[in-house]
Amino acid sequence: MEVPYVNIALQYKGLEHEILPVVKEVLKSGSYILGKELNRFEHRIAGFCRTRYAIGVANGTDALRLSLHALNIGRDDEVITAPNSFIASAGAIAAVGAKPVFVDVGEDYNINSELIENAINERTNYRGRRTGSLGDVGCFSTHPLKTLHTAGDGGFITTDSQEIYERIIKLRNHGLKNREESEFFGYNSRLDEIHAAILNTQLEYVEIWNKQRRDIALRYSSELSPIVDTPEEKSYEESSYHTFVIQAKNRDSLRLHLSNMGIETKIHYPIPIHLQQAAKYLGYRSGAFPVAERQSSQILSLPVYPELTSKQIEKVIEGVTSFYK
Ligand SMILES: *Cc1c(COP(=O)(O)O)cnc(C)c1O
């Protein structure tokens, strides 16, 4: 029995009878960009995130890039971010001409708010609020590997500000305020109708999927916390466990042991952003962010998705447990 890290095709199979008809409807309509599926998705996802507005864009990196641009962040600006993220977090900052400034993370993997002047919070379902409603804007990717996902690239931005909303609506479409008139140079970064239709179908399931992910995470935590470091949830947080990240001694040997048993794992991420070649010009050295660097050598992401069977979950637990015996 194999335990792949993700199984997107299996999830699609379960939803095929719903997804194929909506995709066919879009194809038959002849309206492929900025149509009614996107409009519907934007209203629904704003409701889900409990924000006034949402804007679909081409991908998660563009969600960051357009948001930074809309907030007038560019040359001569510095943007504080964490070194233990996907490369796009810093890449989007550099793409608008600003300078990424890294601050070390805490034991909970989030940026350490005590190390920055204005405490920043990027936690999930924080004190009854949803991710996306915490700052001026929320940026989301719907890449196939994310919980709510498109059949290709996609993303969206949430905001409560009418001003920011109106600016991003134009920014994603060449600064056009109507078909003929452009107010400022912008981007081509729209979320296609086919993807919006697929997201509209998936939105019905996302709460169930989050619950199923949480159930698996709680099972992993209760069985594995005596052996390895498992994620901790504060009483006012509710994670949707897009990843289940443990910290383990002899991580690389554990990973090999699991792989030999047919259990696939990932590392998010093995190289902190400040040590990537792309970030060399920023002048950071190894040792600059000791917590993030230590974690990058000990973290391991275990498979966590609704399609996992009970037997597969048991096998993962057995895999980790047997390594330390
Ligand atoms: C997925 C992800 C991105 C990139 O999103 P794309 O849609 O692939 O551009 C950026 N930052 C983080 C933290 C992510 O997880």
Side-chain angles (χ1 to χ4, degrees), residues 5-6 8 38 41-42 45 49 54-70 73 79-96 98 100-106 108-111 120-126 130-132 134-135 137-158 168 171-172 187-192 194-196 198-199 202 206 209-210 213 231 239-245 266-274 276 278-279 289 292 295-296 299-305:
Y5 182 70
V6 287
I8 297 162
L38 177 60
F41 174 68
E42 288 174 337
I45 199 70
C49 294
I55 308 118
V57 293
N59 54 67
T61 309
D62 271 6
L64 295 168
R65 198 160 60 114
L66 269 65
S67 295
L68 290 164
H69 190 139
I73 291 162
V79 180
I80 295 171
T81 185
N84 64 344
S85 179
F86 181 56
I87 190 83
S89 305
I93 296 166
V96 296
V101 174
F102 298 106
V103 165
D104 207 356
V105 296
D108 66 354
Y109 307 111
N110 286 312
I111 198 161
I120 292 173
N121 250 306
E122 43 185 21
R123 292 178 182 145
T124 308
N125 275 11
Y126 185 73
R130 286 211 164 157
T131 301
L134 296 177
V137 293
C139 296
F140 295 81
S141 165
T142 60
H143 180 281
L145 291 175
K146 317 291 176 168
T147 302
L148 178 70
H149 61 87
T150 29
D153 281 310
F156 60 93
I157 298 163
T158 53
I168 295 175
L171 261 182
R172 76 166 171 193
Y187 305 87
N188 173 357
S189 183
R190 301 164 306 217
L191 181 64
D192 292 325
I194 285 183
H195 293 314
I198 292 172
L199 291 173
Q202 289 192 359
V206 78
W209 289 339
N210 283 346
R213 281 170 185 267
S239 173
S240 52
Y241 292 100
H242 166 244
T243 52
F244 187 89
V245 179
K266 300 272 179 199
I267 300 168
H268 295 94
Y269 293 91
I271 308 172
I273 304 175
H274 67 288
Q276 294 277 357
F289 305 112
Q295 288 173 351
S296 71
I299 48 175
L300 191 66
S301 305
L302 303 181
V304 57
Y305 47 96

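Model, not experiment: these values are computed from the prediction. Each ligand, and each atom within it, is numbered from 1 in the order the structure gives. For the single chain, residues carry numbers from 1 onward in sequence order.
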Students should be able to answer this: which protein heavy-atom is nearest to [atom], and at what distance?
atom                    : result
atom 8 (O) of ligand 1  : His143 CD2, 3.8 Å
atom 12 (C) of ligand 1 : Phe86 CB, 3.9 Å
atom 4 (C) of ligand 1  : Thr61 OG1, 3.7 Å
atom 10 (C) of ligand 1 : Ala88 CB, 3.6 Å
atom 15 (O) of ligand 1 : Lys146 NZ, 2.6 Å

Looking at [X] and [Y], would you say the former's side chain and the latter's main chain have a donor-acceptor pair under 3.5 Å?
X      : Y      : value
Arg172 : Val57  : no
Ser189 : Ala58  : yes
Thr150 : Thr142 : yes
Asp104 : Ala292 : yes
Asn59  : Asp62  : yes

Does any non-hydrogen side-chain atom of Pro83 lie less than 4.5 Å from one of Val105? yes
Does ligand 1 have an atom that lies less than 4.0 angstrom from a heavy atom of His242? no
Parallel, tilted or perpendicular for Tyr269 and Phe86, by the 30°/60° rule? tilted
Can you sort out which atoms of ligand 1 are near Ser85, meaning under 4.0 Å from one of its heavy atoms? 13 (C)
Ligand 1 atoms nearer than 4.0 angstrom to some heavy atom of Asn59 are 7 (O), 9 (O)
Please confirm whether Asp153 comes within less than 3.5 Å of ligand 1 when only nitrogen or oxygen atoms on both sides are compared. no
Just distances here: any N/O of Asp62 and N/O of ligand 1 closer than 3.5 Å? no
